[in-house]
Amino acid sequence: MRVLMVASELFPLVKTGGLADVAGALPRALCRRGHDVRVLVPGYRGVLEAAEEPEAPIPLGDPLGAGPAELVPAKLPNLGTPIYVLRCPALYDRPGGPYLDPHGNDWTDNHLRFALMARAATILGVAGTPLGWAPQVIHAHDWQAGLVAAYLQLWGGARPATVFTIHNLHFAGRFHPVLMSAVGLPHSLFSPYGVELYGAISFLKGALYYSDRLTTVSPTYAREIQTSEYGEGLEGLLAARDPHLHGILNGIDDEIWNPATDPALSEHYDAQDMAGKERAKAALQQEVGLRVDPKAPVFGMVTRLTGQKGVDLVLANIPLLLQRGAQLVVLGSGAAAYELGLAEAMRQNPGQVAYRNGYDEPLSHRIMAGSDFVLVPSRFEPCGLTQMYAQRYGAIPIVRETGGLADTVHDCWAHPDHGTGYSFRDATDWAMGNAMWRGMESFGTPRHAQLRHRAMQRDFGWGPSAAKYEAVYDAALRAPARLL
Ligand code: ADP
């Protein structure tokens, strides 16, 4: 099958969260199953320089009147996945991140930056493609790629099937209705039966409405988003699309996330030989300024610091940790209140609390290796990756029972035969503290070592999920099913 993935992030070229990991790993897993999968990614500053083997660009003209655009065929560094880098210097060649300017504000032309990405994908998808390669399926990810199906809807001729994956329903890609023509959409589509969502254009809504198949990144989240608690006002539409909505768990890239070979670690280990993990813990404690003490349980957390991630619950439980002689290391950036709270906790508790503000891929690996427990107390979590990395690295996850966390971590008290972590239901300080307390109680006992061993044996590879995506592509090709 020929599949074009469309994503606004792609590991290792550009990453702010789990979407990049998925866009990097899923195509390789599908290629291993014999499919021809290529990825389209915007040519943000530095992306083209980091890509390998760039070929002659293919001009696309100026599809949205925002500046001339071209596609540069290239390969992902070290991994070899074929990619198309969408070059449009007027929209992408600037400092800052993929979504935010250097001051942390949304780029004011995000509607154009991501509409162009979707438009380029549809140019590849319809007859007469300038590449001589036409996908049978376009697989678009998150609101940034949301207009793919809406554009194809306007196309009269043969078109590829469309599959859309929700990585986070919270981000709907909302813009003022006056921008309809700027993004190349006729006003007829600004309707509840189109891209309109509570008076705004929503790229995400367009995708939910027009795509042949929808997926999201865990079975539990697929159910949760059909309820008013998690549905972000889209629960009715999602319930209507339920027959064509599938929850497929993300995998992890087990070549990149492997404690036996990880180049970010100075000490390597596996489930059979854990001496390296003890050394990795000491190395982490030293690196981040925690007291080097093998007996102190180390709690790690690597995350965007947003309300979603339950950072407030972690802050509230710092006294519990301190009282028990445990340590905390957090890596992440985001909301100022959390950054300040963590920095203050570190200032007041040197050697016991460490906070690193920023984005640091190698340190995130060392935190997984050096921690005894990894905290993921999210209020909602479509899938979550760090709880899976944690298990592979022998750090016991402590998670809230929601979304993909509920699907990938089973509490070891509730499931003594197969549990690999601690979980709690209510998003309260107390419930989280109780789960942490249970972890600390067993730390240092044979029971903890057994739990760690079991967690490290779990297979979170992409194989089974890639097979499920393949089945969804097949179904989309055989029975296109938009909501019309
Ligand atoms: P989300 O996509 O909601 O941010 P996920 O758990 O699905 O959450 O994925 C987060 C990914 O981003 C993981 O690979 C995690 O290790 C990484 N990550 C998050 N914050 C940082 C950071 N500050 N430094 C390095 N990696 C980070």
Side-chain angles (χ1 to χ4, degrees), residues 7-26 97-100 104 141-144 165-171 216-218 220-221 230 247-259 262 264-265 284 287-288 300-311 314 329-335 338-339 342-343 354-371 374-393 395 397-400 402-409 421 460 462 465:
S8 57
E9 299 183 25
L10 177 59
F11 184 84
L13 297 178
V14 49
K15 169 169 165 176
T16 73
L19 169 62
D21 292 337
V22 175
L26 176 58
Y99 316 120
L100 306 178
H141 297 266
D142 264 355
W143 74 262
Q144 293 87 354
T165 295
I166 304 161
H167 294 263
N168 194 331
L169 193 69
H170 184 63
F171 302 106
T216 188
V217 288
S218 68
T220 297
Y221 193 60
Y230 293 95
I248 304 177
L249 266 182
N250 285 337
I252 64 174
D253 194 318
D254 44 21
E255 287 168 32
I256 290 171
W257 291 92
N258 181 354
D262 190 334
L265 309 183
L284 175 69
E287 175 177 1
V288 299
M301 187 173 188
V302 178
T303 186
R304 293 181 293 115
L305 297 177
T306 66
Q308 172 192 344
K309 300 293 184 177
V311 191
V314 177
V329 50
V330 180
L331 166 64
S333 57
Y338 300 135
E339 292 185 352
L342 287 163
Y355 169 51
R356 286 293 173 89
N357 185 342
Y359 189 91
D360 187 335
E361 188 76 26
L363 178 58
S364 75
H365 287 237
R366 290 195 288 276
I367 290 179
M368 295 298 140
S371 296
V374 163
L375 302 173
V376 199
S378 307
R379 289 201 154 68
F380 67 95
E381 192 57 77
C383 179
L385 293 172
T386 57
Q387 80 283 5
M388 293 193 267
Y389 299 148
Q391 289 174 76
R392 183 124 164 91
Y393 280 61
I398 296 183
V399 306
R400 184 165 168 257
T402 185
L405 301 174
D407 293 329
T408 55
V409 179
F460 291 112
W462 267 102
S465 296

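Every number for a ligand or one of its atoms is a count from 1 in the order of the listing. Just so you know, these numbers come straight off a predicted model, no measurement behind them.
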Please tabulate, one line per pair, the protein nitrogen or oxygen atoms found under 3.5 angstrom from a nitrogen or oxygen of ligand 1, with distances to 0.1 Å, or say none if there are no such pairs.
| unit_1 | atom_1 | unit_2 | atom_2 | d |
| --- | --- | --- | --- | --- |
| ligand 1 | 2 (O) | G18 | N | 2.7 |
| ligand 1 | 3 (O) | R304 | NH2 | 2.8 |
| ligand 1 | 3 (O) | K309 | NZ | 2.8 |
| ligand 1 | 4 (O) | R304 | NE | 2.8 |
| ligand 1 | 6 (O) | L385 | N | 2.9 |
| ligand 1 | 8 (O) | K309 | NZ | 3.1 |
| ligand 1 | 9 (O) | G18 | N | 3.1 |
| ligand 1 | 14 (O) | K15 | NZ | 2.8 |
| ligand 1 | 14 (O) | D21 | OD2 | 2.8 |
| ligand 1 | 23 (N) | G358 | O | 2.8 |
| ligand 1 | 24 (N) | D360 | N | 3.0 |

List the residues meeting salt bridge (Lys or Arg N to Asp or Glu O under 4.0 Å) with [X], not counting sequence neighbours, and say none if there are none.
| X | result |
| --- | --- |
| R379 | D312 |
| D407 | none |
| E361 | K15 |

Determine, stepwise, if the pair Y389 / W257 fulfils ring pair (Phe, Tyr, Trp, His ring centres under 6.0 Å).
-> CA-CA 7 Å; Y389 299 148; W257 291 92; 3.6 Å; yes

Should D262 and Y393 count as side-chain neighbours, where that means a heavy-atom distance under 4.5 Å?
->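 Contact flag for D262/Y393 side chains = yes.
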
Atom pair CG/CG of D21 and D253 - distance to nearest 0.5 Å = 8.0 Å

